[in-house]
Amino acid sequence: MRSWRKKRDGLDLEAELRANRPQPSRELLHRLEARVRDEGRHSRAGSFRLAFASALAAGVLAALASVGGLGYAASATGQAVQNAKRVVHTHGVTVLHRTAARDQYGKPKRAKCRKGYKRVGARCKKVKKAKGVRFRRPPFTG
């Protein structure tokens, strides 16, 4: 790493530190190499652990299957799903047909049709008049 300052008096501190840095001993290097070689042998032990865990899990599943534990777990899961559906299900609006307010006020009345119209279903339609004939009321007789 270079310094941004100018070198003073020919003193190069960085070069001097690099030249005098400590070196590892040969014995330390040999011990590290031996440790790395031995770790390669432990990988076989790791595969043995994985095989042992797999065999143990298969044994537990076989034991549960023999006494019906898997069927029990499956039915419990199905019941949990049904309960979750029941909780999440939303219901529509409940309409009360017989209430105190409806008894008191009754049904709302329909609006009357204006003159010249008559109600057909829910709508008011214009009444057709016969052409050429005038209809009048008979005179009041009493």
Quiz item: Atom CG in L29, atom CD in Q23: separation rounded to 0.5 Å?
Solution: 9.5 Å
Practice problem: Report the C-alpha distance between E33 and H30 in whole Å, list the side-chain angles of each, state the deciding distance to 0.1 Å, and finish with yes or no for side-chain contact (heavy atoms from CB on, under 4.5 Å). | Solution: CA-CA 5 Å; E33 286 176 5; H30 289 303; 4.1 Å; yes
Quiz item: What are the two closest heavy atoms between R119 and C113, and how far apart are they?
Solution: N-SG, 3.7 Å
Quiz item: What are the two closest non-hydrogen atoms of V127 and K118, and how far apart are they?
Solution: CG2-N, 3.9 Å
Quiz item: Atom CZ in R35, atom CG in L32: separation rounded to 0.5 Å?
Solution: 6.5 Å
